[in-house]
Amino acid sequence: MATIKDVARHAEVSVTTVSHVVNGTRRVSPEGRERVEAAIRALGYVPSAIARSLKSNNTRTLGMLIPNSSNPYFAEIVHSVEDRCFGAGYNVILCNTNDEAHRQGTYLQVLAERRIDGLIVVSTGHDATLATQLAGLSIPTVLVDREIEIAEQQPCDLVETAHMQGGLLATRHLLSLGHRRIACIGGPAGIAPSEQRIAGWRTALADAGCGTGEGLLWHGNFTSQGGYEAMHAVLRNRELPTAVFVCNDLMAMGALCAAHERDLRVPEALSVVGFDDIELAAFTSPPLTTVAQPKQRIGALAVDMLLERIDGKRQDARKVMLQPELRVRASTAHAPGGAA
């Protein structure tokens with residue numbers, strides 16, 4: 001592989017001149033620049049990103065941790081992050097933790113060794129050591145979706161959706177259609193976004209005089225299989241609900257499949273509302289009513305907030321709470337019997 005010295009010899013210039021041409025650090029005469037660029041093409045020289053990062057103390061690379069790369073919600077956020085980074089001249093190293101605390105800690109160490117300039121984290125659900133790990137990295141960090149308490153000397157930015165408000169929107173929509181017995185399929189216990197969405201469901205029921213959902217809560221694992229199994233558990237109850245609020249779209253898709261297997265027509269016999277508004281939600285059968293998270297804005301804001309810290313434009317931690325919106329499609333209808 002050609003080195004910078006090989007390029008200098010081929011172009012008959014100094015190594016310093018080649019460096020200035022490659023890095024754009026000083027003006028080089030048009031003749032000298034042309035010889036250097038011709039030598040680079042002829043030799044197939046590729047500048048060392050590591051060497052340049054050591055000299056400039058930055059790599060123009062961001063790290064990103066997500067808990068499940070197979071979940072379209074995270075994939076859509078990653079797409080937004082990559083778009084924003086590309087426009088800003090940054091690369092992204094993406095790590096899928098598979099919701100495992102050990103893997104998350106290992107990836108954090110790997111990213112630190114790669115000398116990333118900043119970090120975007122969607123944390124796993126159960127990792128008591130993450131706050132200490134992030135504080136020890138001393139890297140500008142933005143948390144997405146899930147808040148974590150970090151030591152004051154290493155504050156993290158946060159961008160997330162108002163999850164409780166989303167649960168309120170979903171449940172109030174079903175209440176407005178005359179439903180009173182509304183079940184909920186939440187995510188894993190202890191995951192903040194899931195707990196907040198469940199809290200919104202409970203609050204909406206209580207405000208409408210329908211109790212607090214006692215005996216109407218089941219849990220899945222944010223996967224289609226989890227939603228499928230949870231819906232079958234719901235439908236084994238002696239007294240069936242007329243509607244179900246499912247705390248993410250993947251589980252809602254599994255729930256629709258389970259309802260179909262039990263010959264329950266959606267929405268005539270059972271209304272279903274999801275959460276996230278992933279792209280596939282509009283193409284289920286029937287198309288899924290859901291609470292939309294502003295995923296493109298979440299990803300773009302996370303990058304913008306990170307670059308502010310990297311560029312030294314801001315030191316204090318910033319928290320941004322985005323509002324969800326209800327997307328009404330064909331999976332919800334008036335309660336059976338026409339009760340209003």
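In this chain, residues are counted from 1 in sequence order.
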Original post:
Counting distance only, does the side-chain N/O of Arg181 pair as donor-acceptor with the main-chain N or O of Glu239 below 3.5 Å?
Top reply: yes
Subject >> Test item: Ser331 and Pro267 side chains (from C-beta on) under 4.5 Å apart, heavy atoms >> reply: no
**OP:** Would you confirm whether Asp277, through its side chain, and Val291, through its main-chain N or O, come within 3.5 Å as a donor-acceptor pair?
**Re:** no
Original post:
Is there a donor-acceptor contact under 3.5 Å linking the side chains of Glu100 and Asn98?
Top reply: yes
Subject >> Approximate separation, where rounding is to 0.5 Å, of Ser271 OG and His173 NE2 >> reply: 7.0 Å
**OP:** Give, for atom CG of Leu130 and atom CG of Leu108, the distance between the pair rounded to the nearest 0.5 Å.
**Re:** 6.5 Å
**OP:** State whether the number of non-hydrogen atoms from other residues, nucleotides or ligands found under 6.0 Å of Glu34 atom CD is greater than 12.
**Re:** no
Original post:
So does Arg297 have more than 12 non-hydrogen atoms from other groups sitting under 6.0 Å from CZ?
Top reply: no
**OP:** Indicate whether the side chain of Asp83 and that of Ser80 have a donor and an acceptor atom separated by less than 3.5 Å.
**Re:** no
Original post:
Taking all atoms of both residues into account, what is the closest heavy-atom pair of Ile139 and Ala112, and its distance?
Top reply: CD1-CA, 4.5 Å
**OP:** Mind running side chain to side chain contact (heavy atoms under 4.5 Å, CB included) on Leu111 and Cys95 for me, showing each step along the way?
**Re:** CA-CA 9 Å; Leu111 292 172; Cys95 298; 4.1 Å; yes
Original post:
Just by distance, do the side chain of Arg262 and the backbone of Leu235 share a donor-acceptor pair under 3.5 Å?
Top reply: yes
Subject >> CA sep, side-chain torsions, deciding dist, call: His232, Glu261, side-chain hydrogen bond (donor to acceptor under 3.5 Å, both in side chains) >> reply: CA-CA 9 Å; His232 271 300; Glu261 288 183 357; 3.1 Å; yes
Original post:
Leu280 and Val272: same hydrophobic cluster, using ILVMFWY side-chain contacts below 4.5 Å?
Top reply: no
Original post:
Which is it for Thr289 and Thr332 under the side-chain hydrogen bond (donor to acceptor under 3.5 Å, both in side chains) test, yes or no, and what are the steps along the way?
Top reply: CA-CA 6 Å; Thr289 295; Thr332 51; 3.0 Å; yes
Original post:
Would Val78 end up clustered with Ile93 when hydrophobic side chains under 4.5 Å apart are linked, directly or stepwise?
Top reply: no
Original post:
To the nearest 0.5 Å, how far apart are CZ in Phe275 and OG in Ser194?
Top reply: 10.0 Å
Subject >> Hphob cluster co-occupancy, Val328 + Ile182, side-chain heavy atoms under 4.5 angstrom >> reply: yes
Original post:
Under 3.5 Å, is there a donor-acceptor pair between the Thr17 and Ser14 side chains?
Top reply: yes
Original post:
Leu62, Ile116: one ILVMFWY side-chain cluster at the under-4.5 Å cut-off?
Top reply: no
Original post:
Asp145 and Tyr73: side-chain donor and acceptor closer than 3.5 Å?
Top reply: yes
Subject >> Flag for Gln293-Thr161: side-chain donor and acceptor within less than 3.5 Å >> reply: yes
**OP:** Could you tell me whether a side-chain N or O of Asn71 sits under 3.5 Å from a main-chain N or O of Asn68, the two making a donor and an acceptor?
**Re:** no
Subject >> Sub-4.5 Å side-chain heavy-atom contact between Leu168 and Trp201 >> reply: no
Subject >> Euclidean distance, Ile66 CD1 relative to Met64 CE, rounded to 0.5 Å >> reply: 6.0 Å
Original post:
For the side chain of Arg180 and the backbone of Leu175, is there at least one donor-acceptor N/O pair under 3.5 Å apart?
Top reply: yes
**OP:** Mark yes or no: Arg197 above the aromatic ring of Phe245, with NZ or CZ under 6.0 Å from the six-membered ring centre and no more than 45 degrees from the axis.
**Re:** no
Subject >> Gln104 side chain vs Thr124 backbone, donor-acceptor pair below 3.5 Å >> reply: yes
Original post:
Is the backbone N or O of Ala42 less than 3.5 Å from a side-chain atom of His10, with the two atoms forming a donor-acceptor pair by type?
Top reply: no
Original post:
Just checking, is any N or O donor in the side chain of Gln225 or Glu229 under 3.5 Å from an acceptor N or O on the other one?
Top reply: yes
**OP:** In plain terms, say whether Arg84 and Asp304 are close enough for a salt bridge, that is, a side-chain N and a carboxylate O under 4.0 Å apart.
**Re:** yes
Subject >> No-hydrogen, no-angle side-chain donor-acceptor test under 3.5 Å, Asp249 and Thr290 >> reply: yes
Original post:
Just wondering, more than 12 heavy atoms not from Glu113 lying within 6.0 Å of its CD?
Top reply: yes
Subject >> Donor-acceptor contact present, side-chain Asn96 to main-chain Ser69, <3.5 Å >> reply: yes
Original post:
Any side-chain heavy atom of Thr106 sitting closer than 4.5 Å to one from Thr97?
Top reply: no
Subject >> Glu279, CD: over 12 other non-hydrogen atoms inside 6.0 angstrom >> reply: no
Subject >> Value rounded to 0.5 Å, distance of CG in Asn248 from OG in Ser224 >> reply: 8.0 Å
Original post:
Going from OG1 on Thr284 to CZ on Arg329, what distance comes out if it is rounded to the nearest 0.5 angstrom?
Top reply: 8.0 Å
Original post:
Does Glu37 pair with Arg35 as a salt bridge, N-O distance under 4.0 Å?
Top reply: no
**OP:** Apply the salt bridge (charged side-chain N to carboxylate O under 4.0 Å, His left out) test between Asp157 and each candidate in Arg309, Lys319, Arg318; give the one that qualifies.
**Re:** Arg309
**OP:** Give a yes or no on whether a salt bridge exists between Arg314 and Glu308, defined as a side-chain N under 4.0 angstrom from a carboxylate O.
**Re:** yes
**OP:** Give a yes or no answer on whether the side chain of Arg60 reaches the backbone of Ala88 with a donor-acceptor pair at less than 3.5 Å.
**Re:** yes
Subject >> Residues Asp207, Arg172: salt bridge by 4.0 Å N-O rule >> reply: yes
Original post:
So if you build clusters from Ile, Leu, Val, Met, Phe, Trp, Tyr with side-chain heavy-atom gaps below 4.5 Å, do Leu326 and Ile198 land together?
Top reply: yes
